[in-house]
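In what follows, a structure is listed as structure tokens, so that the remarks can point back to it.
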Amino acid sequence: MASQRRIRLTRQGLCYLLVLLAVLLGALVRQLNLLMLLGSALAGPFVFSLIYGRLALRRLVVERKLPSHLSVERRLKVDVAVTNRRRWLAIWAVEVADHVEREATNPAQRESTCVSVYFPRIGPKETAQVSYDGRLRQRGRYHFGPLRISTRFPLGLVRHSLILDQREALVVHPRLGRLTHDWAKVLRENTSGSQNIERRGLLEADFYGLRDWRPGDSRRWIHWRTSARRGSLVVRQFEQRRSQDLALLVDLWQPTQPSEAELAHVETAVSFVATLLADACQQSGRQLMIQIAAAAPLAVSGVASPWFFREQMDSLALLEPHHEQTFPSALAQALSAVPRSMPTLLISTRAIDWSAVREQMGQHDLHWDARRMRGVNVASDQLSGYYHG
Amino acid sequence: MAKRRRHTLAPAQLDVALRVLVIVLVLVATALLSLGEHSARLSILTVFMAGGSIWLTDVTGRLRLNQFFSNLAALAVMIGSVIHACYVDRHGLMLVVADLQSYLQYVLFFQKKTSKTYWQLALLSLGQMAISSTLVPGPTFGIVLLVYLFVGTITFALLLLQVEGTKFDPRSARVLGAARPAQPSAVGAAPTGALALTGGSAAIHPVAVGRGLFEQATFIAATTLLVASTIFFLLPRWTIRNRQAPSNEPLRSIGFAKTVTLGELGQVVRNPEIVMRIQFFHRRSSKPFKLIGEPLFRGTVVSHYEQRRWSQASTLSFMRLSDEVKTPYVRQKITAEPLDVPELFCIFPVFTLQPDVRLQIDTRGDQLARREEDRGTTIDFEVATPGIRNERQLRYLPCESPLRPSQERACLQMPEGDDGQDLFPGLREVAASALRERSISPSERAAAATTMNNYLRRSGTFFYTLEPQVRDADLDPLEDFVTKHRRGHCEYFAGALAMMLRSQGIPARMAIGFKGGEWNALGMYYQVQQLHAHAWVEVYLGPGDIPEDAFGGEDEKPAAAWMVLDPTEGTQEAIAAAENHGLVARLRQSMDYGYVLWSNYVVGLNSKRQRQGIYEPLVQAASAAVENLLSAEVWQARWNRIADSRVGMFWQWYRRHWFSWRGGLVAIGFSLSIVGLYWALRRGVEMLRRYGLVRSDGDDKQVLEIFRRLEAALRKRGLARMPGQTPYEFALVAGGELAESIEHRRLAPLPRRVVEAFYRVRFGHRTLDNQEADAVEHALVELELALAQAR
């Protein structure tokens with residue numbers, strides 16, 4: 001961990017130094033011993049200040065404790081712990097300043113701030129912890145660091161700083177909203193017709209264990225290797241699940257010169273997707289497909305789980321909109337990987353031109369028929385029926 | 001929670017302590033200034049104003065000057081001071097400036113206190129200290145300066161804590177009178193943007209502040225003392241005579257005068273004021289030594305006795321002190337305090353090693369004096385004397401040439417009555433009978449003088465006392481002392497002896513000066529006070545009268561000499577010895593030594609003293625150190641010392657006997673001791689760790705445990721880390737292996753996630769939050785269970 005030392009005279013220190021020099025100069029010119037003594041005595045604390053801060057910061061260990069993740073507008077609490085590794089000497093008036101900056105591809109959108117915490121005294125072999133808190137109002141990646149630890153003790157004449165290159169990043173996830181009952185209804189309608197419980201043979205996600213054979217069990221379920229080893233029939237257990245798999249196609253469009261509303265639509269769309277994802281991942285084992293047309297397109301599929309949710313939230317946090325006017329062909333192409341029976345939701349930040357969608361699908365030899373596809377335009381009032389931010 | 005708050009220190013509480021400390025700081029500076037002005041007016045006024053401001057401004061807030069009225073008051077004070085300054089001299093101008101600083105402090109007292117106010121008050125008090133440095137030359141300045149620095153350090157440390165604490169404490173909106181509300185401490189925070197962050201502060205316990213600051217201030221004061229001493233002594237001086245504040249004290253009168261009137265010594269001899277300090281050095285040595293026996297420091301000699309008064313026979317004429325070196329000699333380093341007489345006191349005869357224009361000696365070499373203009377100041381000088389041999393003062397003073405007849409007659413003078421009658425018949429008879437008893441002829445001057453001296457000292461009929469005695473008014477006091485009232489002080493003894501010698505035709509005179517003084521073992525010097533004033537007798541010995549052993553040999557025998565006789569010897573010493581013992585005496589000596597150091601090395605530090613006392617010893621020490629390091633001879637000598645020591649002798653023995661049973665035993669013993677030492681060291685470190693004195697690596701162990709568990713779990717499936725494989729590489733390989741198996745495919749991502757968490761902690765110096773820790777634990781348990789079943 002690289003560190004950089006800095007020393008700076010404070011305003012009071014400059015004033016003190018001037019007085020000190022005046023006294024010493026007068027004493028030298030006039031050869032007045034007692035005035036020299038006074039000047040020397042004044043120089044003592046000044047020299048001490050120069051030395052003390054340097055020594056004081058030397059054996060301090062600073063640690064910043066960030067949460068692993070955070071959602072927009074949730075309270076951020078960052079613990080800053082300073083350990084004084086000295087055996088005898090207490091350290092006084094230590095200030096730790098942390099630089100926080102939001103990452104953005106557009107430099108104009110970068111924001112940064114410096115927040116400080118203060119430790120009046122840290123005893124020998126003691127760790128003191130102070131938190132700074134607040135809220136981060138936009139999703140994205142925030143960079144924390146470097147840390148600047150400084151002290152003006154004992155007299156406030158000199159500020160000693162030590163810049164510690166302790167950098168960390170925190171991904172702030174999109175805001176999670178609330179899905180309405182209407183949305184649940186829509187989802188049920190979309191999945192109707194395939195409500196019956198399936199035991200889908202050897203699909204990887206369904207197999208979760210083995211048990212002894214019971215009358216009525218299919219022969220296809222027998223795990224022959226284990227049965228042979230144990231000398232009795234053992235069948236595979238499969239997870240019973242409803243066909244609530246979901247494919248999310250997101251057209252994250254934004255004009256090159258967006259209005260405030262258009263900016264908000266993108267955030268709403270991302271939040272809506274994040275909320276859908278959170279809802280879907282509450283029940284693990286569901287197959288989820290996500291295709292997002294953005295500045296950096298995102299295409300993932302997997303089984304719903306906390307890890308999956310966490311990874312996709314990280315991705316959603318960093319999404320930036322695209323500016324293509326036409327319907328993104330990537331979305332249409334993504335449909336080829338979506339099983340026909342899988343409910344598909346097309347979310348867009350602009351009005352959905354279904355004819356364009358069909359056209360795009362046609363270009364990829366895909367047929368519209370029999371697909372359970374629904375579209376949501378977040379720029380319209382349609383969303384309010386399904387989702388509250 | 002409420003209880004906890006009562007124990008934490010708010011900036012408002014710090015403010016109260018700060019206010020008190022700043023006032024103490026101001027009072028200390030003002031008190032010193034008052035001492036320099038010889039007036040308590042300013043101190044009393046400051047106490048009154050400070051008390052009033054605390055009540056009216058700080059506590060009740062009834063009187064609080066705003067900026068406009070403060071400026072107005074300050075302006076008025078300055079105008080008044082300028083007008084006052086027009087009518088005073090230079091010294092008075094300094095006092096006006098000092099007063100002005102106090103008046104400005106009064107204006108600040110009645111303002112609302114901010115950190116700026118405190119700084120201004122402290123700076124003004126610093127100005128007062130600066131002025132005091134020219135008004136108070138004594139050690140008091142040094143002591144008060146130390147107190148000032150100590151209080152100042154605590155004050156400014158507290159001020160810093162208060163200012164910093166105020167920034168971070170929302171309770172402190174009214175502290176320091178700040179108009180701004182409690183604000184978030186985020187420097188450059190952007191509450192309206194994406195970032196809205198607020199800083200925080202730890203609480204602090206009042207006891208911790210009090211005790212901690214006291215410790216810190218002590219530490220700072222000690223460092224400051226060291227740094228200040230270094231800077232002070234190294235700052236260049238370029239004048240021999242350091243400017244010194246003129247002393248306002250009247251010149252001291254002592255029990256010494258060119259004339260001695262019998263009966264007057266009783267009042268002055270007890271005066272403890274210091275006359276001089278004197279050190280003795282062998283030739284070029286820098287180490288002082290103490291004389292064997294009590295030295296007699298002669299100031300002058302008187303030979304004419306008339307009407308109860310001893311006086312000089314004729315007016316003395318002075319010349320520059322001779323620089324002709326007489327060996328062997330002893331250097332006398334003397335610091336003479338201001339006196340109302342020009343005489344200087346030392347052991348005679350004297351000459352100088354370096355010409356010193358301030359010193360002069362009378363043409364007969366009997367009296368050393370300083371210039372008239374130097375009487376009012378302390379002077380340091382160095383003279384040499386051949387009058388000390390083997391650390392003992394000689395009892396014979398060599399004369400350059402025999403006395404002229406007129407001078408000899410003056411030393412035989414005895415007063416007569418108005419009608420020519422003998423004033424000393426009884427004294428003559430006593431002297432003659434003393435010689436008769438010993439069958440000594442007056443022509444044997446040395447023997448006769450010694451006999452009469454012994455008679456006064458040892459006959460048991462004469463008693464030394466400092467108390468005034470009843471005398472027969474019809475008789476000369478000396479006649480009365482010898483014949484009737486045999487009690488008196490040194491002047492009676494010396495006068496009586498001189499007259500007894502003269503009555504027998506032996507030339508004698510009375511020497512006046514100081515005897516002994518107080519030996520300061522700490523500073524290795526004699527401190528001579530007025531109460532050490534003394535009178536004794538010098539007997540003239542012609543060329544044939546000088547004893548053979550008086551000067552060590554026939555070659556060194558001078559043409560004539562003065563034999564020193566002290567008829568009170570042995571009586572004053574007992575009194576002085578009683579006074580010089582005990583704690584009080586030692587304390588007095590220490591204080592005096594401190595005063596000497598202060599006078600010589602602080603107030604009186606000049607270029608010469610700096611060169612001799614600081615620069616040259618430093619250069620010598622540095623060159624000696626370099627020589628010690630680089631000199632082959634020195635290293636050879638060290639090696640020889642080691643070789644001659646027991647270790648060296650043992651090594652020599654071992655080299656001869658290493659291949660023997662005794663050598664084997666030694667080798668085994670040595671090896672065992674090394675093992676024992678290693679064991680003891682390890683035990684010691686363990687003990688230190690147990691008591692928390694050395695950092696344990698337990699934290700690292702906990703972190704490593706995560707990876708260890710992962711490795712253990714994967715090993716059950718036959719997955720082991722290859723040499724040189726990083727944990728992350730291992731995790732990826734293991735994940736791939738797991739993905740190959742349908743049964744364990746779901747476990748495939750887990751090793752990578754666990755290792756990522758491990759990296760964050762191990763190398764990212766982060767700690768896992770609860771959610772992360774749970775996820776890692778869950779993943780590890782899942783892996784452990786699944787892979788254990790697989791086995």
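Proteins get letters first, then strands, A, B, ... in listed order; numbering begins at 1 in each. When reading the values below, keep in mind they use all heavy atoms of this one structure, side chains included, and skip hydrogens, waters and symmetry mates. Not measured: the values here are computed from a predicted model.
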Run the salt-bridge test on A:Arg121 and B:Glu215 with the 4.0 Å N-O cut-off and return the result as yes or no. no
Is any NZ, NE, NH1 or NH2 atom of the basic residue among B:Arg753 and A:Glu311 found under 4.0 Å from an Asp or Glu carboxylate oxygen of the other? yes
Could you tell me which portion of A:Ile122 (side chain, backbone, both or neither) has an atom closer than 4.5 angstrom to a non-hydrogen atom of chain B? neither
Looking only at B:Pro236, B:Gly152, B:Ala779, most heavy-atom pairs under 4.5 Å shared with chain A are made by B:Pro236
Need one label for A:Leu24: side chain, backbone, both or neither, based on atoms under 4.5 Å from any heavy atom in chain B. side chain
Counting only heavy atoms not in B:Phe233, do more than 12 fall under 6.0 Å of its CZ? yes
Check whether A:Tyr52 gets within reach of chain B through its side chain, its backbone, both or neither, counting any heavy atom under 4.5 Å. side chain
Does A:Arg54 have more than 12 heavy atoms from other residues, nucleotides or ligands lying within 6.0 Å of its CZ? no
Given the options A:Asp133, A:Leu38, A:Val100, which has more heavy-atom pairs under 4.5 Å with chain B than any of the others? A:Asp133
Is B:Leu146 close to chain A through its backbone or its side chain, or both, or neither, when contacts mean heavy atoms under 4.5 Å? neither
What part of A:Ala128 lies closer than 4.5 angstrom to a heavy atom of chain B: side chain, backbone, both or neither? neither
For B:Phe150, the ring-ring contact (aromatic ring centres under 6.0 Å, His included) test, sequence neighbours excluded, returns B:Phe214
Find the one option among B:Leu126, B:Leu160, B:Leu226 whose heavy-atom pairs under 4.5 Å with chain A are most numerous. B:Leu160
Heavy-atom distance under 4.5 Å to chain A: side chain of B:Ile220, backbone, both or neither? both
Listed partners of A:Arg110 passing salt bridge (charged side-chain N to carboxylate O under 4.0 Å, His left out), at least two apart: none
